[in-house]
There are 2 protein chains.
Amino acid sequence: MPNSIRDSLKAGGKKLTRARIAILAVLEQSHFPITAAEIHARLIKARAGADLVTVYRNLAMLQGLGLLSAIGFHEGQMRYEVCHGRAHHHHIQCRGCGKIIDLMLCPLQNLTKRIEEQTQFSVDGHALEFFGWCPQCR
Amino acid sequence: MPNSIRDSLKAGGKKLTRARIAILAVLEQSHFPITAAEIHARLIKARAGADLVTVYRNLAMLQGLGLLSAIGFHEGQMRYEVCHGRAHHHHIQCRGCGKIIDLMLCPLQNLTKRIEEQTQFSVDGHALEFFGWCPQCR
DNA sequence: TGATACATGCAAATAAGTTGCAGTTATGAT
DNA sequence: ATCATAACTGCAACTTATTTGCATGTATCA
Ligand SMILES: [Mn+2]
Ligand SMILES: [Mn+2]
Ligand SMILES: [Zn+2]
Ligand SMILES: [Zn+2]
């Protein structure tokens with residue numbers, strides 16, 4: 001676990017528990033956003049079993065610290081990905097098999113000012129996901 | 001109800017029922033995406049009460065015909081908006097009061113080709129929502 | 001080694017959305 | 001108009017994701 005994550009936890013008065021370390025390890029090893037249930041399953045496989053409710057509570061806490069981002073693909077559940085220390089990016093999901101891959105781009109950075117002028121909102125985030133068909137499912 | 005919607009329904013072998021007409025009326029009158037529960041509440045107010053499950057079934061059917069789009073703001077429920085006959089656009093939601101307003105823009109149209117080259121996926125849709133604070137909540 | 005605030009597990013609750021089924025209705029053909 | 005039929009509806013029950021209450025356990029720091 002990166003020292004900067006340790007520091008964020010400490011700064012937030014959070015403890016370095018066995019379950020929390022294992023959950024973060026699973027998240028850091030995943031190359032795409034995963035669900036709470038998937039995290040739970042990987043914890044069990046890694047003999048670091050933690051209750052599903054502990055997974056949910058840690059996901060909420062880590063989001064609160066800004067270390068994780070939650071992503072919705074309209075699947076009926078959320079997916080989570082470490083954002084700390086990674087470049088801002090987006091994803092595309094295959095409508096056939098559900099495969100998700102990173103898109104290391106963001107076409108929205110310089111749009112914010114225009115939206116703020118048009119709407120009088122202050123913009124502080126966005127969600128962007130693409131959908132389509134992967135080569136295997138096409 | 002526009003004739004083009006009537007036609008889509010007929011083409012899909014769907015009937016013009018009292019509940020369906022009322023649900024479509026609620027959707028067409030809303031200026032922002034609404035939830036199934038909100039549609040249900042408005043039906044009751046309009047003395048056109050239909051069961052919530054009928055609302056869900058009609059929402060799924062209308063999406064299948066391409067007349068509605070479903071939008072997720074990470075609120076734990078979906079929102080639905082008529083897309084038929086309206087220009088493609090996106091939304092911004094206030095993190096304070098939940099207010100949603102239209103953004104009549106889309107910065108993604110010409111990005112598709114680039115993503116298809118990079119990923120080998122064929123891209124057929126995207127979800128884009130902005131978040132921020134409205135003037136009242138700021 | 002304590003004290004204590006934070007964290008966990010289990011069970012129960014909540015909430016969105018779905019499904020089975022029996023009865024109802026729109027539709028278009030007679 | 002009446003009829004046959006496929007589509008539709010309401011109700012109850014179900015599924016699944018996520019949250020909450022509470023008693024017990026543990027990391028941290030003095
Ligand atoms: Mn990613
Ligand atoms: Mn809109
Ligand atoms: Zn972005
Ligand atoms: Zn768009």
Side-chain angles (χ1 to χ4, degrees), chain A residues 1 3 5-26 33-41 43-44 46-65 67-80 98, chain B residues 1 3 5-26 33-41 43-44 46-65 67-80 98:
Chain A
M1 169 164 39
N3 266 326
I5 287 190
R6 278 189 140 73
D7 294 347
S8 292
L9 290 175
K10 181 154 294 185
K14 308 301 178 186
K15 294 179 175 173
L16 269 178
T17 64
R18 169 188 295 268
R20 182 161 296 162
I21 291 164
I23 291 167
L24 273 163
V26 168
I34 53 182
T35 67
E38 287 167 354
I39 293 169
H40 184 237
L43 290 175
I44 289 170
R47 286 180 186 56
D51 198 89
L52 181 57
V53 83
T54 297
V55 174
Y56 276 113
R57 285 198 269 234
N58 274 282
L59 290 172
M61 183 274 286
L62 294 167
Q63 273 185 87
L65 293 183
L67 302 174
L68 283 193
S69 59
I71 303 163
F73 291 94
H74 303 194
E75 300 169 299
Q77 88 241 84
M78 286 291 132
R79 292 182 173 271
Y80 303 87
Chain B
M1 167 166 39
N3 265 326
I5 289 190
R6 277 190 141 75
D7 293 348
S8 291
L9 291 174
K10 180 153 295 185
K14 308 302 178 185
K15 294 179 177 175
L16 270 177
T17 64
R18 170 189 294 269
R20 182 162 295 163
I21 290 165
I23 291 165
L24 272 164
V26 168
I34 53 182
T35 67
E38 287 167 352
I39 293 169
H40 184 237
L43 289 175
I44 289 169
R47 285 179 187 59
D51 198 272
L52 182 57
V53 82
T54 296
V55 174
Y56 277 114
R57 287 197 267 231
N58 274 282
L59 290 172
M61 183 273 287
L62 293 167
Q63 274 184 87
L65 292 184
L67 302 175
L68 284 192
S69 59
I71 303 164
F73 290 94
H74 302 194
E75 300 169 299
Q77 87 241 84
M78 286 291 132
R79 290 181 175 272
Y80 303 86

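Every heavy atom of this structure was used, including side-chain atoms; hydrogens, water molecules and symmetry mates were not. Proteins get letters first, then strands, A, B, ... in listed order; numbering begins at 1 in each.
In this structure, A/Asp51 atom CG and D/dA23 atom P are separated by 18 Å, rounded to whole Å. Between the CD atom of A/Glu38 and the P atom of D/dT16 there is a distance of 15 Å, rounded to whole Å. Going from atom CD1 of B/Ile23 over to atom P of D/dA7 covers 18 Å, rounded to whole Å. Rounded to a whole Å, the CE atom of A/Met1 is 13 Å from the P atom of D/dA27.
Separating the CG atom in B/Leu67 from the OH atom in B/Tyr80 is a distance of 14.5 Å, to the nearest 0.5 Å. Here A/Ile5 contributes atom CD1 and A/Leu68 contributes atom CG; the two are 8.0 Å apart, rounded to the nearest 0.5 Å. Note: B/Met1 CE to B/Leu16 CG = 4.5 Å, rounded to the nearest 0.5 Å.
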Write out a two-atom table: protein N or O, nucleotide N or O from nucleotides 18-22 of chain D, distance below 3.5 Å.
residue	atom	partner	partner atom	Å
D/dT18	OP1	A/Met78	N	3.0
D/dT18	OP2	A/Tyr56	OH	2.5
D/dT18	O5'	A/Tyr56	OH	3.4
D/dG21	O6	A/Arg57	NH1	3.3

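The shortest heavy-atom contact between A/Ala19 and A/Thr54 is CB-CG2, 4.0 Å.
Bending across the helix from C/dT1-D/dA30 to C/dT30-D/dA1, expressed as the angle between its end axes from five pairs apiece, amounts to 30° (10° rounding).
You can see that DNA chain C meets the heavy atoms of chain B within a 4.0 Å-exclusive cut from C/dA16 to C/dG28, reading 5' to 3'.
Annotation: side chain of A/Leu9 is in contact with side chain of A/Leu62 (closest heavy-atom distance under 4.5 Å). Using a 4.5 Å heavy-atom threshold, the side chains of A/Ile34 and A/Val26 count as touching. The closest side-chain heavy-atom distance from A/Leu59 to A/Met78 is not below 4.5 Å. Side-chain contact between A/Arg6 and A/Asn3: present, with at least one pair of heavy atoms (C-beta onward) separated by less than 4.5 Å.
In this view, B/Glu75 and B/Arg79, B/Gln93 satisfy the side chain to side chain donor-acceptor pair (under 3.5 Å) rule, not counting sequence neighbours. With sequence neighbours excluded, no residue forms a salt bridge (charged side-chain N to carboxylate O under 4.0 Å, His left out) with B/Arg57. In this view, B/Ala22 and B/Leu43, B/Ala48 satisfy the side chain to side chain contact (heavy atoms under 4.5 Å, CB included) rule, not counting sequence neighbours. Residues satisfying the side chain to side chain contact (heavy atoms under 4.5 Å, CB included) criterion with B/Ile44, sequence neighbours excluded, are B/His40.
Applying the side-chain hydrogen bond (donor to acceptor under 3.5 Å, both in side chains) definition to pairs two or more places apart or across chains, those involving residues 16-26 of chain A are A/Arg20-A/Asn58.
Using a 4.0 Å cut-off on heavy atoms, the residues of residues 13-22 of chain B that approach DNA chain D are B/Gly13, B/Lys14, B/Lys15, B/Thr17, B/Ala19, B/Arg20, listed by number.
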